[in-house]
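Contents: one structure, followed by commentary.
In what follows, every chain begins at residue 1, and chains take the letters A, B, ... in the order their sequences are listed.
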Amino acid sequence: MSTSVTVKPSLNPLLPYRTHYSSDLAALSVGAEVRLAGWAHRCRDHGGLIFIDLRDPRGLVQLRITPDAPGDSHDIAAKVRPEWVLQVVGVIKPRPEGTENPSLATGKIEIEVSRIEILNVAADMPFDVADETPITEQQNIEFRYIALRRESVAKVVRFRHELVRMVREYFYENNFLEVETPLLSKSTPEGARDCLVPSRVFPGKFYALPQSPQQYKQLLVIGGVERYFQIARCLRDEDTRADRLLEHTQIDFEMSYVQRDDIMNMLEGLIIRLVTKLTPEKRLLSNPLQRFTYRELMDRFGSDKPDLRFGLEIRDCTDLFSEIEFQVFRSVIEKGGTIRGFWCPAPPSFSRKEMDELTGVAMELGAEGLVWISCGAEDFSSPIKRFLSPDLLARLRDRVEAAPGEGSLFLMAGQVHDTVLDRLGRFRVKISERANLQDPNLLAFAYVIDFPYFFWDEDNKRYDPCHHMFVMPKREYINTVLTDPLPTLSTQFDMICNGYEMCSGSERIHFRRLQSGIMQLVGIGPEEQEEKFGHLLRALDSGAPPHGGVAPGVDRLVMVLMGLPFVRDTIAFPKSQRGEDLMMKSPSHVDEQQLRELGIKLR
RNA sequence: GGGGCCGUAGUUCAGCUGGUUAGAAUGCCUGACUGUCGAUCAGGAGGUCGCGAGUUCGAGUCUCGUCGGCCCCGCCA
């Protein structure tokens with residue numbers, strides 16, 4: 001039961017509501033009269049003295065209400081509960097010696113209250129604001145307007161605002177034009193599932209919400225906007241993950257008369273500025289950013305977006321096992337397969353039981369098995385110990401660059417090299433978690449270049465672009481890409497950080513003939529080309545300049561820079577994993593009348 | 001589409017191999033208290049154990065289904 005029903009909010013506040021914010025107060029002189037407004041954060045009622053921490057957007061300040069405060073101030077203050085909305089008039093007083101609070105910016109002063117108005121009460125709070133006790137995701141989404149008052153959440157909102165502001169400043173300084181592109185757009189084949197919007201005027205036809213402004217940005221530079229940028233919402237109707245949202249925000253930009261490295265430099269300038277200004281307490285792995293080829297990363301880390309904050313580098317051990325009698329490895333080698341592994345120095349040293357668990361982890365990642373060799377001070381243990389001579393072990397340790405001392409060697413084998421690398425790469429991350437190797441104060445930004453243009457889609461028997469089909473191949477492959485696609489490398493470049501892909505960018509194709517040929521190659525015939533992409537192809541034929549661009553995601557940037565575990569935390573109003581807004585209850589049913597106007601009948 | 005974890009007081013959680021009246025902390029209510037800042041002290045209220053079936057003498061606990069949340073695989077150029 002709350003007493004709130006018996007307290008009527010004041011309808012006669014002093015206007016304007018406040019003369020100062022709490023952050024102003026420390027600089028004001030003692031005795032100054034101020035008018036403040038905000039939420040009651042915490043209340044400490046001593047019967048005589050009452051202390052209330054007042055929270056406004058800029059901080060906290062302690063209010064002090066004595067029994068001899070004017071009028072009924074003391075009686076009113078005694079009723080106040082956390083999250084009630086208050087206006088107070090008072091004077092700045094120094095706190096008595098010994099009662100200062102060093103953890104508060106206003107900790108040396110307090111407000112001696114002469115008048116207090118209750119602007120509103122909070123009758124029904126599902127959870128506490130001042131108390132940062134974790135709440136369930138259900139609560140977090142349904143009562144987001146309360147969660148947002150928590151400092152832990154509010155600081156992310158402020159951080160994101162600062163980031164976007166700096167992004168705009170950066171692009172304005174560099175002469176980019178900020179241009180908005182349509183939200184009601186066109187469904188295109190390939191890629192993710194579209195979010196569709198039915199048309200009322202064209203019954204049976206649908207707009208699609210943009211997965212990205214990809215075509216519009218190219219058409220803008222073709223239209224003479226040499227440097228374009230936009231903070232763009234992008235929507236994909238695919239299942240979500242901890243690092244993936246239904247709708248997300250990209251810093252979308254495109255430039256003409258540039259080569260790949262010009263775009264990379266522009267992006268790198270932005271990222272370095274954001275990192276140095278927003279997270280000065282964190283270290284960059286390298287500045288300027290290191291560049292890796294796709295192949296090198298796959299071979300060394302088993303991923304095209306590896307976490308570079310730690311080592312655990314993968315090495316090819318195939319040749320060392322050519323003589324071994326261990327049948328599993330032998331047959332793999334005889335069939336042209338590969339054996340790869342990495343070394344994890346102790347600590348931690350994994351027990352037999354933990355090794356069995358890790359084998360289970362490896363299997364869950366899709367590995368066919370895991371061979372481990374645990375090296376102690378004197379001896380070593382392994383399920384294949386009887387096949388391992390001291391000499392072989394020494395050469396193995398040498399191969400995986402194991403420093404002298406204890407540690408564990410993990411090996412995987414298989415026929416398809418990149419599949420083994422992929423599994424081992426994921427397993428590498430699992431080990432890094434258990435070994436606590438992910439330094440939260442390190443930002444391992446890096447570039448990935450020289451991606452293959454295509455991979456062969458065995459299920460659909462066709463070439464599939466690694467990025468998208470508007471990417472320009474590297475110059476030396478332009479003449480051969482259509483006749484010998486698979487060896488082609490592209491101008492695609494990714495920026496990665498701490499195991500996440502931050503963005504993909506590239507030079508774009510600006511010749512119609514090449515663009516048309518690539519479309520043909522991925523299975524889009526002339527008729528479909530005209531129907532879906534006629535506008536773009538004609539635009540390329542209208543004097544399209546060389547151009548390219550990239551689009552880093554705001555959500556992931558905020559997540560990585562702040563070290564948050566989920567992208568959901570970076571947006572003001574997140575949805576559940578299934579894409580439901582538990583607060584607004586959307587998606588929702590609509591009136592029959594609305595459906596009729598759209599020519600839609602539900603099945 | 002598939003796998004896993006979770007759902008118990010307003011909130012965060014505990015609750016063993018099934019066994020009397022389901023607990024703790026915090027919040028809330030009442031009272032006391034003039035230097036607290038997670039105020040303190042005393043007392044009190046508060047639960048359809050997500051929902052529905054089933055097994056059982058007996059279900060918060062076991063089984064099946066269902067709803068909801070989260071993580072992962074698939075998917076996401």
Taking B:rA14 as the reference, what is the distance to B:rA24 when you measure between their C1' atoms (whole Å, please)? 7 Å
Of the listed nucleotides B:rG35, B:rC70, B:rC76, the one nearest the side chain of A:R236: B:rC76
Could you tell me whether A:K186 atom NZ has more than 12 heavy atoms of other residues or ligands within 6.0 Å of it? yes
Determine the contact category for A:D45: base if any of its heavy atoms lies under 4.0 Å from a base atom, sugar-phosphate if only primed atoms, P, OP1 or OP2 are that close, otherwise nothing. base
At under 4.0 Å between heavy atoms, what does A:Q62 touch on the DNA or RNA strands: base, sugar-phosphate, or nothing? base
Take atom CD of A:E527 as the centre, draw a 6.0 Å sphere, and report whether it contains more than 12 heavy atoms from other residues, nucleotides or ligands. no
Can you identify which nucleotide, out of B:rC28, B:rC72, B:rG35, has its nearest atom closest to the A:Q577 side chain? B:rC72
How about NZ on A:K585, more than 12 heavy atoms from neighbouring residues, nucleotides or ligands closer than 6.0 Å, or not? yes
Side chain of A:N101 - closest among B:rC37, B:rC70, B:rC75: B:rC37
Under a 3.5 Å limit for both distances, which nucleotide forms a Watson-Crick or G-U wobble pair with B:rG10, could you say? B:rU26
If you check every side-chain atom of A:S576, which of B:rA39, B:rC75, B:rC70 has the closest atom? B:rC70
A:R42 CZ - B:rU36 P separation (whole Å): 16 Å
Is any NZ, NE, NH1 or NH2 atom of the basic residue among A:K575 and A:E247 found under 4.0 Å from an Asp or Glu carboxylate oxygen of the other? yes
So which nucleotide does B:rC49 pair with, by the Watson-Crick or G-U wobble rule with both distances under 3.5 Å? none
Here the distance between atom P of B:rG27 and atom CZ of A:R44, to the nearest Å, is 13 Å
Given B:rG1, B:rC76, B:rC37, the nucleotide with the shortest approach to the side chain of A:T99: B:rC37
Using distance alone, with no hydrogens and no angle criterion, decide if A:S432 and A:Q438 have a side-chain donor and acceptor under 3.5 Å apart. yes
Pairing partner of B:rC70, by Watson-Crick or G-U wobble and under 3.5 Å for both distances, is B:rG4
For the OH atom on A:Y207, are there more than 12 heavy atoms of other groups (residues, nucleotides or ligands in this structure) within a distance under 6.0 Å? no
Looking only at atom P, what distance separates B:rG19 and B:rC37, rounded to whole Å? 43 Å
Scanning both residues in full, the closest heavy-atom pair of A:I509 with A:L540 reads O-CD2, 3.6 Å
A:E238 atom CD is separated from B:rG1 atom C1', nearest whole Å, by 13 Å
Would you mind telling me which of B:rU12, B:rU34, B:rC28 lies closest to the side-chain atoms of A:T136? B:rU12
Within the 4.0 Å heavy-atom criterion, would you say A:E83 contacts the bases, only the backbone, or no part of the nucleic acid? nothing
Collect all protein-nucleotide pairs involving nucleotides 4-10 of chain B in which both atoms are nitrogen or oxygen and the distance is under 3.5 Å.
unit_1, atom_1, unit_2, atom_2, d
B:rG10, O2', A:P126, O, 2.9

Decide, applying a 5.5 Å centre-distance limit and a 30° plane-angle limit (both strict), whether A:H46 stacks on B:rA39. yes
Ignoring backbone atoms, establish whether A:R578 has a side-chain N or O less than 4.0 Å from OP1 or OP2 of B:rG68. yes
Side chain of A:A192: nearest nucleotide among B:rC76, B:rC28, B:rU34? B:rC76
Assess the pair A:Y453 and A:Y477: is the distance between their ring centroids shorter than 6.0 Å? no
Taking the side chain of A:D131 as its heavy atoms from C-beta onward, which of B:rC71, B:rU26, B:rU12 lies nearest to it? B:rU26
Please determine if a side-chain N or O atom of A:R241 lies less than 4.0 Å away from the OP1 or OP2 oxygen of B:rC75. no
Nearest to side-chain heavy atoms of A:I141, which nucleotide of B:rC70, B:rA39, B:rC76: B:rC70
Test salt bridge (Lys or Arg N to Asp or Glu O under 4.0 Å) on A:K474 and A:D450; report intermediate values, then the result. CA-CA 8 Å; A:K474 286 190 86 175; A:D450 289 354; 2.8 Å; yes
What's the CD1-C1' distance between A:I146 and B:rG27, to the nearest Å? 14 Å
Give none if B:rU20 has no partner; otherwise give the nucleotide forming a Watson-Crick or G-U wobble pair with it, both distances under 3.5 Å. none
